[in-house]
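Notes follow the structure.
A, B, ... follow the sequence lines: proteins, then strands. Residue 1 opens every chain.
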Protein chains: 2
Amino acid sequence: MTDKARDAEAVSRFVERFAAQLVEAGMTRMPARVFAALLSSDSGAMTSAELGEQLQVSPAAVSGAVRYLSQQHMVSREREPGSRRERYRVHSDQWYEALTNRDAILKRWSDSLREGVTSLGAETPAGRRLAETVAFFDFIQDELTAMMERWREHRERTFGQP
Amino acid sequence: MTDKARDAEAVSRFVERFAAQLVEAGMTRMPARVFAALLSSDSGAMTSAELGEQLQVSPAAVSGAVRYLSQQHMVSREREPGSRRERYRVHSDQWYEALTNRDAILKRWSDSLREGVTSLGAETPAGRRLAETVAFFDFIQDELTAMMERWREHRERTFGQP
DNA sequence: CGCTTCGTTCAGAAATTTGTGAAGTTAAGG
DNA sequence: CCTTAACTTCACAAATTTCTGAACGAAGCG
């Protein structure tokens, strides 16, 4: 068994294992696998063909997964200049990005809950519970922002330049 | 249309709307609907029969949803003493609980990633990326704990006793 | 103790989701 | 321009998930 083969096997084992964890946490399978594969590639970027081969799936499946992932800001696409190949990349601070984008979801929850407070009546017990929930989400939102800022600092201190 | 009927309609509208948001964020439909229903009830607790009626689903569906929700620590079960009815309850700090339990997931991710660092080699570029990801999650974990503590304080100041 | 009322579990039907193959689109290279 | 390579899109097949109805189990009440 060559070094290269050994690596491929180790990589694959990690990819599938980690992807399974992501799935368990609510992510769909193919995007999870693609993301894990990118995360464990040395360059941090792979072409559609490479992904298809590693994961043993069709180009169509890769395409779908990648579309989903870029909507979620979990990968970015790059065109290799002067080639029809496209590369999909994870940045090392990709989780940071992804988490930041959860803000949008929290915002919508807040809005929806606020409507609930109005329509159920701010004076009713249910209204009060919803109001408290709104307060929680607003609090979390502010805290998340601050937390991400601290991470950026922490990261620079620990790993060098941004 | 009586006051009660009007309320029921307004409640239902909110429940379905908010549940839809939860679904959009990855939650399964029935648990989302049950949770939203509990959240917008005045007492914060409902019986299986009440949930079934409000949501127009079978007892079996309620049972399944509730099982899921209590595994996720998003509702608690109460036995009404001297009755075969069971009540399912959301606490006002239920989100706090739920988020705290996400820690377990983060922990498993960290562990899985650490394995990845070892098996891919800490000196490889991929290994370094994974190591940075581990650092991120560990950071988040600590921050979450602190954040939840701050929320408890904030909540007491704003809404009165714990 | 049996009756009755809730709740749970389980097998299966229905609906949704997921991935494939094939056709379509865009853009590089001769 | 025409060819070819790469990705995307679409219709469909397969697998999975989700909810129901029915049978079962436990616990109060007469």
Side-chain angles (χ1 to χ4, degrees), chain A residues 12 15-16 19-38 41 43 45-72 74-90, chain B residues 12 15-16 19-38 41 43 45-72 74-90:
Chain A
S12 183
V15 166
E16 298 305 331
Q21 302 255 22
L22 295 178
V23 168
E24 223 181 311
M27 199 167 173
T28 44
R29 191 170 316 271
M30 195 58 70
R33 296 180 72 208
V34 168
F35 186 75
L38 288 171
S41 69
S43 63
M46 296 173 78
T47 65
S48 178
E50 289 168 339
L51 285 166
E53 195 200 359
Q54 153 132 33
L55 304 176
Q56 290 295 306
V57 293
S58 70
V62 174
S63 175
V66 161
R67 173 158 31 112
Y68 172 83
L69 287 170
S70 43
Q71 279 170 355
Q72 306 298 312
M74 295 187 69
V75 310
S76 54
R77 313 160 93 97
E78 303 178 345
R79 280 198 152 69
E80 284 182 31
S83 160
R84 33 216 164 315
R85 284 215 173 126
E86 203 151 18
R87 298 177 72 77
Y88 308 112
R89 173 173 297 283
V90 281
Chain B
S12 183
V15 166
E16 298 305 330
Q21 302 256 22
L22 296 178
V23 169
E24 222 180 312
M27 198 167 173
T28 44
R29 192 170 313 272
M30 195 59 68
R33 296 179 72 208
V34 167
F35 187 74
L38 288 171
S41 69
S43 63
M46 294 173 78
T47 65
S48 178
E50 289 168 339
L51 285 166
E53 195 198 0
Q54 153 132 33
L55 304 175
Q56 290 294 307
V57 293
S58 70
V62 174
S63 176
V66 161
R67 173 157 30 114
Y68 173 81
L69 288 170
S70 42
Q71 278 169 356
Q72 306 298 313
M74 295 187 68
V75 309
S76 54
R77 314 160 94 99
E78 303 178 344
R79 282 199 149 71
E80 285 182 30
S83 161
R84 35 217 161 317
R85 284 213 171 125
E86 202 151 17
R87 298 176 72 77
Y88 308 112
R89 172 174 300 281
V90 280

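For B:E50 and C:dG7, the CD to P distance is 10 Å, given to the nearest whole Å. Separating the CD atom of A:E78 from the C1' atom of D:dA6 is a distance of 16 Å, rounded to the nearest angstrom. As rounded to whole Å, 13 Å separates atom C1' of D:dC19 from atom CG of B:L55. Rounded to an integer number of Å, the gap from CD of B:Q56 to P of D:dG21 is 12 Å.
Between B:A45 and B:S41 the shortest heavy-atom distance is N-OG, 3.4 Å.
A:E50 has its side chain out of reach of A:Q54: every pair of non-hydrogen atoms, C-beta onward, lies at least 4.5 Å apart. A heavy-atom distance below 4.5 Å is found between the side chains of B:V15 and B:L55.
Note on B:S63: a base of the nucleic acid sits closer than 4.0 angstrom, heavy atoms only. At the heavy-atom level, A:Y88 lies under 4.0 Å from the strands shown only through sugar-phosphate atoms. Heavy atoms of A:V62 sit nowhere under 4.0 angstrom from any nucleic acid atom.
When distances are taken from the side chain of B:E86 to each of C:dT20, D:dT8, C:dG7, the shortest belongs to C:dG7. If you check D:dA6, D:dT20, C:dG7 against the side chain of A:R85, the one that comes closest is D:dA6.
Within residues 19-33 of chain A, no residue approaches DNA chain D, by heavy-atom distance under 4.0 Å.
A side-chain contact (heavy atoms from CB on, under 4.5 Å) with A:T47 holds for exactly one of A:R87, A:E86, A:E53, A:E78; it is A:R87.
If you take CG on A:L51 and OG on A:S63, they are separated by 11.5 Å, rounding to the nearest 0.5 Å. Taking CZ of A:R89 as the start and OG of A:S70 as the end, the distance is 14.5 Å to the nearest 0.5 Å.
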Check: B:L69 and B:M27: side-chain contact (heavy atoms from CB on, under 4.5 Å), yes or no, with the steps?
Finding: CA-CA 10 Å; B:L69 288 170; B:M27 198 167 173; 3.6 Å; yes
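For A:R77, no side-chain nitrogen or oxygen approaches OP1 or OP2 of D:dC7 to under 4.0 Å. Between D:dG21 and B:S58, no contact under 4.0 Å exists linking OP1 or OP2 to a side-chain N or O.
Taking the nucleotide of DNA chain D with the nearest heavy atom to each of A:R87 and B:P59, the more 5' of the two is matched to A:R87.
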For nucleotides 22-30 of chain C, print each protein N/O atom paired with a nucleotide N/O atom at under 3.5 Å, atom names and distance only.
unit_1 : atom_1 : unit_2 : atom_2 : d
C:dG29 : OP1    : A:G82  : O      : 3.2

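Within a 6.0 Å sphere centred on CZ of A:R77, heavy atoms belonging to other residues, nucleotides or ligands number more than 12.
Applying the ring pair (Phe, Tyr, Trp, His ring centres under 6.0 Å) rule to A:F35 yields the partners A:W95; only residues at least two apart in sequence or on another chain are considered.
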